[in-house]
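Everything below concerns the one structure shown next.
Just so it is clear: chains get the letters A, B, ... in the order the sequence lines come, proteins before strands, and each one is counted from 1. If you're wondering where the values come from, they're calculated on a predicted model, not measured in any experiment.
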There are 2 protein chains.
Amino acid sequence: MAAGETRAQIVEVADRLFYERGYEHTSFADIAAEVQISRGNFYYHFRTKDEILDAVIRRRLENTQAMLDGWEDERAGPGDRITSFIQILIVNQAKIMAFGCPVGTLTSELAKLGLPSQAGATGIFSLFRHWLARQFALLGHGAEAADRLAMHLLARSQGVATLASAFHDKAFVEAEVQDMCAWLDAQAPDPIRLQ
Amino acid sequence: MAAGETRAQIVEVADRLFYERGYEHTSFADIAAEVQISRGNFYYHFRTKDEILDAVIRRRLENTQAMLDGWEDERAGPGDRITSFIQILIVNQAKIMAFGCPVGTLTSELAKLGLPSQAGATGIFSLFRHWLARQFALLGHGAEAADRLAMHLLARSQGVATLASAFHDKAFVEAEVQDMCAWLDAQAPDPIRLQ
DNA sequence: TGAAATCTGGGACGTTTGTCCTACAGATTC
DNA sequence: GAATCTGTAGGACAAACGTCCCAGATTTCA
């Protein structure tokens, strides 16, 4: 098999398992079994668990950045782009109700484990934060206000994800998404609303 | 030592360690070391890890109920009581910034582990949910609207806790708390506001 | 073609995990 | 005072963990 291919498969499976089972509760053997390689081969690509975690976080950073860039290309107005962010809760509803938000739950777990990779996981949050802040700035808000709005929206979506996985309540998620969209509509400071 | 005393100490330490390190990352040996008892003695009181988890969840249910009951006695109006709930984020700020919300992070972890105790952890959320809903009902909202408001506020505080532990941003927590209090002020449906 | 580099499989290591057993100390009861 | 019950200590167990080594298979390239 090609050089990077096995490695990429490992990272992809690890990414999924870390999300579904948690980092600590996922073992080398679990990942190797799903990729269908031996533990020895695994060790050739990743020598420690921290290395896999770093690779997974890097992968998530790249995927997140790509998703945000994609929205920036597809969606004409900043309001529509922010709406795309809010709609993640609908698009990924099934997974979120089962396992929570991938970013939030990983960050929480790493915070308790006290691993240095915690900073990387927070970095994924930062991508969303700064991207959202930029969109709010495009809506006409000053830098400080835009960041506050970004953090506010990020917090709300995190809260919805947490309660969604606790109560498995689809109607609650939909109501909150609608509420966030309505809130967004009210955040255009100038009379020219979302174009 | 008296019968229940050692047992109570075990549950108390386990409660703290499950919060600070996570359930999975806390071992029998960790708890026994902090209580300063032998693993053998530990086994006399709790035969499996699930038993400790159940005891910890029961303890949290009781403590939470006691806290809510206390607010019901101390605080005259439902608005003040809800404010007490929001203020948890300020009172427990240091711990929340370090380890997140005890309820939210435990629920997330158990959801990934697929343990049957997950229902118990969600029960702690339910205590807050129904207590908050009752307060909103006392403010004059119908049962359905009161529950929606309760879930909304619960979600917001969860989101703030998650981002607080990710970014360690004290100012953000304070701004969100202020915002939630302002939001609460606007939720009195009749002209007679919080008394 | 043959040597070198890359990739893979299978097993081994020391440690830690949850779980369990047994022996003993102190109190309680008859 | 003997017998019983309750609480404690310390060690033993198999399994799983992260980590590591090494002998081949495969590919690369001179």
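- Taking atom CD of B:Glu51 as the reference point, atom P of C:dG18 lies 14 Å away to the nearest angstrom.
- Going from atom CD1 of A:Ile52 over to atom C1' of D:dT19 covers 11 Å, rounded to whole Å.
- Between B:His45 and D:dT8 there is a side-chain N or O to OP1 or OP2 distance below 4.0 Å.
- Remark: B:Thr6 is not in phosphate contact with D:dG7, judged by side-chain N or O atoms under 4.0 Å from OP1 or OP2.
- Nucleotide D:dG18 holds its C1' atom 11 Å from the CZ atom of A:Phe42, rounded to whole Å.
- For B:Ser27, counting side-chain heavy atoms from C-beta on, the closest listed nucleotide (D:dT19, C:dG18, C:dT19) is C:dG18.
- Atom CD in A:Glu24 sits roughly 11 Å away from atom P in C:dG18 (whole-Å rounding).
- In the displayed structure, B:Arg148 atom CZ is contacted under 6.0 Å by at most 12 heavy atoms of other residues, nucleotides or ligands.
- In this structure, the side chain of B:His141 does not engage the main chain of B:Ala137 through any donor-acceptor pair within 3.5 Å.
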>> With salt bridge (charged side-chain N to carboxylate O under 4.0 Å, His left out) as the criterion, how do A:Lys112 and B:Glu109 come out once you've worked through the C-alpha distance, each side chain's angles and the decisive distance to 0.1 Å?
In response: CA-CA 11 Å; A:Lys112 298 195 190 240; B:Glu109 185 178 0; over 6 Å; no
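- By the neighbour-count criterion of 12 heavy atoms within 6.0 Å, atom NZ of B:Lys95 is sparsely surrounded, having that number or fewer from other residues, nucleotides or ligands.
- Rounded to whole angstrom, the span from the CZ atom of B:Arg39 across to the P atom of D:dT8 amounts to 16 Å.
- Rounded to an integer number of Å, the gap from CZ of B:Phe28 to P of C:dT15 is 22 Å.
- Rounded to a whole Å, the CD atom of A:Glu5 is 15 Å from the C1' atom of C:dT6.
- Within the structure, a side-chain polar atom (N or O) of B:Tyr44 is placed less than 4.0 Å from OP1 or OP2 of D:dG7.
- If A:Ala29 and B:Gln36 are placed on DNA chain D by their nearest nucleotide, the residue sitting closer to the 5' end is B:Gln36.
- Checking A:Asp30 against A:Asn41, the closest nucleotide of DNA chain D that is more toward the 5' end is the one next to A:Asp30.
- Counting only heavy atoms from C-beta on, A:Tyr43 has its side chain closest to D:dC21 among C:dT8, C:dG18, D:dC21.
- As a whole-Å value, the separation of A:His25 NE2 from D:dA16 P is 12 Å.
- Nearest heavy-atom pair, A:Val160 versus B:Ala155, reported as atom, atom and distance to 0.1 Å: N-CB, 4.1 Å.
- The phosphate of D:dG10 has neither OP1 nor OP2 within less than 4.0 Å of any side-chain N or O from B:Ser38.
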